[in-house]
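One structure, pasted below without further comment.
Residue numbers start from 1 in every chain, and the chains themselves are labelled A, B, ... in the order their sequence lines are given, proteins ahead of strands.
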Number of protein chains: 2
Amino acid sequence: MNKAQQTRKYILETAFSLVYENGFQSTSIDKIIAETNVTKGAFYYHFKNKEEMGMAIINEILTVSINENLVKPLANHGQKAEVIYQTIKNFMLSISDRQLRLGCPTNNMIQEMAPLNTTFARALLSIIENWKQKLSEAIIEGQKDGSISPNQDAVVLAAFIISSYEGARTLGKLYKSFEYYNFYLKQLKALLEK
Amino acid sequence: MNKAQQTRKYILETAFSLVYENGFQSTSIDKIIAETNVTKGAFYYHFKNKEEMGMAIINEILTVSINENLVKPLANHGQKAEVIYQTIKNFMLSISDRQLRLGCPTNNMIQEMAPLNTTFARALLSIIENWKQKLSEAIIEGQKDGSISPNQDAVVLAAFIISSYEGARTLGKLYKSFEYYNFYLKQLKALLEK
DNA sequence: TATAAAAAATACTAAATGGTATTTTATTAT
DNA sequence: ATAATAAAATACCATTTAGTATTTTTTATA
């Protein structure tokens, strides 16, 4: 990674952190350059405009995070009900106090930007869509290996697991308490055992 | 209601609508006065500052909406499992296309403002706390009348119902589809039948 | 109808906004 | 070393921001 790539990465990660704290619209370029001590010229050298920077956050940070943490581990071997449960549990247990306070960054971006920017919305949707797809497939495997009840529609269940995950992170954020993560995990387990 | 009260109400409702569309931080006073055709003097006559206006939205609009739609109907007579289910179902069926697209306004405010403003956070938390409390009580009644399994902790179940409700509204918003509301209602029914 | 008070209108500020144009400094290939 | 190019710095722009100060209009009351 050369100097320019490093600078770009540094700007992007700082920008992500500010967006995570304050929202996309409320994170000004001026705040980003103040925080990075990079100049505005440098910023605009690496990003065409604020929107492209937002897209880079979605494509290079949010997408990667969901995939690495919540999608890839679904491929692990074992009873699929257990694999699914452990995937989500492991990730939720790794969440820091800051991440608790600020919630799921993908969820935040959806909440704020999906109704305002169709480009953002499409990219965010495909993150969730991919997760839902992979989770559905894992559920179907679980139904085959007998660890998940065949009565449930895999897609419906996958969508519910995802939506209630996002909901749990919202309540955790509001109450600043990991308690709601545990409530969620408890219900998730029940959901997968049926 | 006298003239001044009407003006205040008109400003507040317009402001709420703009905040619902664009978020709190991105809704400027200038946008509000442009939309209302009320002058800045009039705005600042009725609201001390932007934050107080935000608090008025929370206390006079969000709180009322949740209470009227999702809390009060819990007092209806009948098998409590059914009353709870019908309360949420009725409300979700009444959600318009615009409300689908923009999601739950209380959820939006939590997502955006809870980490940034403790006054907002407290007021928003008490909305959810009250809902959770009343829902817990209804669940306990349901456990007494035999319509809800006594194995579940009422508070845990209430928290999960609320968090997954918010999650469902998030997915509905992202996909612009009522489908995810139905998925949620289906799971809710199962949850209450156990 | 005159007066006081409430409500609203107008004009303004200082700071911040996203973005651009221009200049300067580093880096690389010849 | 020099020329070409990449990267970053600087200065600036038009517009928008939340909020204030002042003036005008409307309303209620004596």
Side-chain angles (χ1 to χ4, degrees), chain A residues 1-58 60 108-109 112-113 115-120 123, chain B residues 1-60 109 112-113 115-120 123:
Chain A
M1 197 158 57
N2 63 29
K3 184 83 188 303
Q5 286 174 312
Q6 277 180 336
T7 303
R8 183 185 182 280
K9 194 186 172 198
Y10 171 60
I11 294 172
L12 193 63
E13 281 171 357
T14 306
F16 165 69
S17 177
L18 290 171
V19 168
Y20 191 22
E21 290 271 353
N22 305 299
F24 179 78
Q25 295 172 100
S26 293
T27 301
S28 65
I29 312 290
D30 282 1
K31 278 184 202 158
I32 295 167
I33 65 172
E35 186 76 17
T36 51
N37 286 316
V38 149
T39 60
K40 200 169 272 195
F43 177 91
Y44 278 99
Y45 177 79
H46 289 288
F47 303 98
K48 198 181 127 208
N49 52 32
K50 196 186 177 189
E51 185 178 9
E52 273 213 353
M53 184 212 70
M55 286 301 294
I57 288 175
I58 295 173
E60 297 169 42
N108 295 356
M109 194 67 114
E112 181 184 3
M113 298 306 293
L116 297 178
N117 184 309
T118 52
T119 310
F120 282 23
Chain B
M1 199 159 57
N2 64 30
K3 184 85 187 303
Q5 287 174 314
Q6 277 181 337
T7 303
R8 192 191 117 96
K9 194 185 173 200
Y10 171 59
I11 294 171
L12 194 63
E13 282 171 357
T14 307
F16 165 68
S17 177
L18 290 170
V19 169
Y20 191 22
E21 290 273 351
N22 304 300
F24 179 78
Q25 296 172 100
S26 293
T27 300
S28 65
I29 313 288
D30 282 1
K31 276 185 204 155
I32 294 166
I33 68 174
E35 186 76 18
T36 51
N37 285 315
V38 149
T39 60
K40 200 168 272 198
F43 177 91
Y44 278 98
Y45 177 79
H46 289 289
F47 302 99
K48 196 181 129 209
N49 52 33
K50 196 188 179 191
E51 185 178 10
E52 272 214 355
M53 184 212 71
M55 285 302 294
I57 288 175
I58 295 173
N59 290 323
E60 297 169 42
M109 193 67 112
E112 180 184 5
M113 299 306 294
L116 298 178
N117 184 310
T118 52
T119 310
F120 282 23

Margin query: Which nucleotide wins on minimum distance to the side chain of D30(A), given the candidates dT17(C), dA8(C), dA18(D)?
Written below: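 For the D30(A) side chain, the nearest candidate turns out to be dT17(C).
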Check: So do the side chains of T36(B) and F43(B) get within less than 4.5 Å of each other, counting heavy atoms only?
Finding: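 Counting from C-beta outward, T36(B) and F43(B) never come under 4.5 Å.
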Margin query: Counting only heavy atoms and a strict 4.0 angstrom limit, can you tell me which residues of residues 31-43 of chain B come near DNA chain C?
Written below: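 Residues of residues 31-43 of chain B under 4.0 Å from DNA chain C: T39(B), K40(B), G41(B), A42(B).
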Notebook entry, point to check: Is any side-chain heavy atom of H46(A) closer than 4.5 Å to a side-chain heavy atom of V38(A)?
Noted result: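 A side-chain contact is absent here, since even the closest heavy-atom pair is not under 4.5 Å.
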Next item on the list: Output, in order, the C-alpha distance, side-chain angles, deciding distance and verdict of side-chain contact (heavy atoms from CB on, under 4.5 Å) for M113(B) and Q25(B).
Entry: CA-CA 9 Å; M113(B) 299 306 294; Q25(B) 296 172 100; 3.9 Å; yes
Notebook entry, point to check: Side-chain N or O of H46(A) less than 4.0 angstrom from OP1 or OP2 on dA6(D)?
Noted result: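 For dA6(D), neither OP1 nor OP2 has a side-chain N or O of H46(A) closer than 4.0 Å.
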Margin query: Taking the side chain as everything from C-beta on, heavy atoms only, tell me whether L12(B) gets closer than 4.5 Å to I57(B).
Written below: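 A side-chain contact under 4.5 Å exists here.
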Next item on the list: For I29(A) and dT16(D), give me the distance from atom CD1 to atom P, rounded to whole Å.
Entry: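 Going from CD1 in I29(A) over to P in dT16(D) covers 17 Å.
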Notebook entry, point to check: So, is S28(B) near the phosphate of dT16(D), with a side-chain N or O under 4.0 Å from OP1 or OP2?
Noted result: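 Negative; the distance criterion is not met.
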Check: Rounded to whole angstroms, how far apart are CD on E52(B) and P on dA18(D)?
Finding: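 Spelled out: CD on E52(B) to P on dA18(D) is 16 Å.
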Notebook entry, point to check: Over how many whole Å does the gap from Q6(A) atom CD to dA6(D) atom P extend?
Noted result: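 These atoms are roughly 19 Å apart.
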Note to self: Does this structure show an ion pair linking E21(A) with K31(A), if we count only N-O contacts that are shorter than 4.0 Å?
What the structure shows: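 Salt bridge: no.
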